[in-house]
There are 2 protein chains.
Amino acid sequence: MNLTQSFSQECSDCPIRHRAVCARCESDELERLEEIKYYRSFEAGQTVMWSGDKMDFVGSVVSGIASLTQTMEDGRTQMVGLLLPSDFVGRPGRDGAAYDVVATTDLVMCCFRKKPFEELMNDTPHVAHRLLEMTLDELDAAREWMLVLGRKTAREKIASLLAIIARRDVTLNMQTGNSQVVFDLPLTREAMADYLGLTLETVSRQISALKKDKVILLEGKRHVTVPDMDRLLEEAGDDSDGGMLN
Amino acid sequence: MNLTQSFSQECSDCPIRHRAVCARCESDELERLEEIKYYRSFEAGQTVMWSGDKMDFVGSVVSGIASLTQTMEDGRTQMVGLLLPSDFVGRPGRDGAAYDVVATTDLVMCCFRKKPFEELMNDTPHVAHRLLEMTLDELDAAREWMLVLGRKTAREKIASLLAIIARRDVTLNMQTGNSQVVFDLPLTREAMADYLGLTLETVSRQISALKKDKVILLEGKRHVTVPDMDRLLEEAGDDSDGGMLN
DNA sequence: TTCCAAACTTGATCTGGGTCAAGGCCCCCG
DNA sequence: CGGGGGCCTTGACCCAGATCAAGTTTGGAA
């Protein structure tokens, strides 16, 4: 498989190769990665890692969804990051995990042992550079989400979340521009509530409202069709392209 | 001045030397930095940079406070970052600013021309490494703030903000542990509201309430005394040390 | 096939914080 | 010294979303 091929194509065994670290890796670097690579699987609901745990690997999501969550003593929880396939997990240069990492669905991760990964990073400027870029992307996403949490209404919050999932889906599948988007919601209402700073009842009500208003179509509880992405983005209060890429 | 000295001491001309980029720089690297360094001053309220502007420098705050803000079409605004003295501004490797940068008080920044700074970064692994570390710090702070925005009550939000400012003050001045902390609020009630996802009326009411309950003492509108930091942190709902450092 | 529990929906009611409105304080400028 | 404009406070009222409480749907295990 040609490793310099388009960003958009899937790599058969491990998405990290082209999406995260190794878009421009040479074959000897790939060999080094290959040596320290392994896979881990988790069931839905399993905790990958507790906040403060020693974290001896970095990696990326191959399939499924993981989330980063913070919990207060009294049980209030806030999801601070959603890890979709191809997203990177880990903090090169940091020892501990900063948040709980939870498998929201069944999950497969492609991991690299951290120590040798960091050595590779030190030897290979473009890997270090790519990591900085990814971290900046995450920072942008986090700040985008601060606007959602701080200033948007419940309806706008739901629409924003649906837009993120829909857009990622479109990106991954390289469907054409503005046609309808179809996907299965990978989150329970409760998980959505924790991500949006709402209660699960409010999430349920607002999804029903969006359905009644034909912004989305629902089959069952999870299967969503977005007939018009522009309409959804409008509902999300998005002026920009959604801040997903730059 | 010995540049390897403690992180905590002020450097006479430019804090970036020891706080941000150059804690471990050798003299030739410092010379290169010196050549591309310049200062910019702004008055309170001035916009340093609009979202989307081409940003041809990076830098750090020398004195005063700047904020990163996002604004929706209808005028709702959310501050997504608070830049206190010694904080870094800029996105190495990115062309545009992602947010409006506003001088919240009178502001002095120490800037480096971006192109040569990036070259220095490429030549100097520990600078690149330090930048990644700083970006991870910002990411942690942003995620910490997501919990504040999504799940905390108005009173907890105010207490959290006061704690951040108080703690930063303590860190900068290296005062002793748990004695009382005194500082001047560097933000208007409106700016606090924009940071906390509240209205300015609610901010005012909650500050009055904290004052009535002796969590803080107020002289005038801005001068704050925190008689007991632990009490303040408790009000903030902070289980941890506040997530400021790791 | 039936049963059960998890996930979800919907209704009724309550409340924290928003909104609107009316001042108060204080500094700067004339 | 008096007036005006930021900035802040406080009160009265309202409403989006939380809370409490039933149900309903679904899918998998026995």
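Just so it is clear, the model here is predicted, and its values are computed rather than measured. Hydrogens, waters and symmetry mates play no part in the numbers below; they use all other heavy atoms, side chains included. A note on names: the letters A, B, ... follow the listed sequences, proteins ahead of strands, and every chain is numbered from 1.
- Over its length, the helix from C/dT1-D/dA30 to C/dG30-D/dC1 turns its helix axis by 30°, as judged from the five terminal pairs at each end, rounded to 10°.
- When rounded to the nearest whole Å, the span between NZ of A/Lys157 and P of D/dA18 equals 7 Å.
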CA sep, side-chain torsions, deciding dist, call: A/Thr104, A/Ser67, side-chain hydrogen bond (donor to acceptor under 3.5 Å, both in side chains): CA-CA 6 Å; A/Thr104 300; A/Ser67 62; 3.3 Å; yes

Candidate pair A/Asp194 and A/Thr77, rule side-chain hydrogen bond (donor to acceptor under 3.5 Å, both in side chains), full reasoning: CA-CA 6 Å; A/Asp194 283 343; A/Thr77 77; 3.1 Å; yes

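- Within 4.0 Å (heavy atoms only), A/Ser204 reaches at least one base atom of the nucleic acid.
- Separating the CD1 atom of B/Ile207 from the P atom of D/dC7 is a distance of 15 Å, rounded to the nearest angstrom.
- In terms of phosphate contacts, A/Ser208 brings a side-chain nitrogen or oxygen within less than 4.0 Å of OP1 or OP2 of C/dT10.
- Within the model, atoms CZ of B/Arg91 and NZ of B/Lys114 stand 8.5 Å from one another, a figure rounded to the nearest 0.5 Å.
- Listed here is the closest heavy atom pair of A/Tyr39 and A/Val108: CD2-CG1, 4.2 Å.
- Between B/Lys152 atom NZ and B/Ser160 atom OG the span is 3.0 Å, to the nearest 0.5 Å.
- As a whole-Å value, the separation of A/Lys212 NZ from C/dT9 C1' is 15 Å.
- Remark: A/Gln46 CD is packed, more than 12 non-hydrogen atoms of other residues, nucleotides or ligands lying under 6.0 Å away.
- Within the structure, every side-chain polar atom (N or O) of B/Arg189 is placed at least 4.0 Å from both OP1 and OP2 of D/dG6.
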Under 3.5 Å, which protein N or O atoms sit close to an N or O of nucleotides 17-23 of chain C? Give each pair with its distance.
from   : atom 1 : to       : atom 2 : distance (Å)
C/dG17 : OP1    : B/Ala154 : N      : 2.9
C/dG18 : OP2    : B/Thr199 : N      : 3.4
C/dG18 : OP2    : B/Thr199 : OG1    : 3.0
C/dG18 : OP2    : B/Thr202 : OG1    : 2.3
C/dT19 : O4     : B/Arg205 : NH2    : 2.7
C/dC20 : N4     : B/Glu201 : OE2    : 3.2

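- In this structure, CG of A/Leu185 is placed 15 Å from P of D/dT26, rounded to the nearest angstrom.
- Map B/Leu187 and A/Lys221 each onto its nearest nucleotide of DNA chain D; the residue landing nearer the 5' end is B/Leu187.
- In this structure, B/Asp140 and A/Ala98 approach most closely via the heavy-atom pair OD1-CB, 4.0 Å.
- When every heavy atom of A/Met109 is checked against every heavy atom of A/Val89, the shortest pair comes out as CE-CG2, 4.0 Å.
- For the pair B/Leu149 CG and D/dG17 C1', the interatomic distance rounds to 17 Å; values are reported in whole Å.
- Nucleotide D/dC20 holds its C1' atom 12 Å from the CG atom of A/Leu200, rounded to whole Å.
- D/dC7 atom P lies 18 Å from atom CG of B/Leu218, rounded to whole Å.
- The stretch residues 183-237 of chain A participates, sequence neighbours left out, in these ring pair (Phe, Tyr, Trp, His ring centres under 6.0 Å) pairs: A/Trp145-A/Tyr195.
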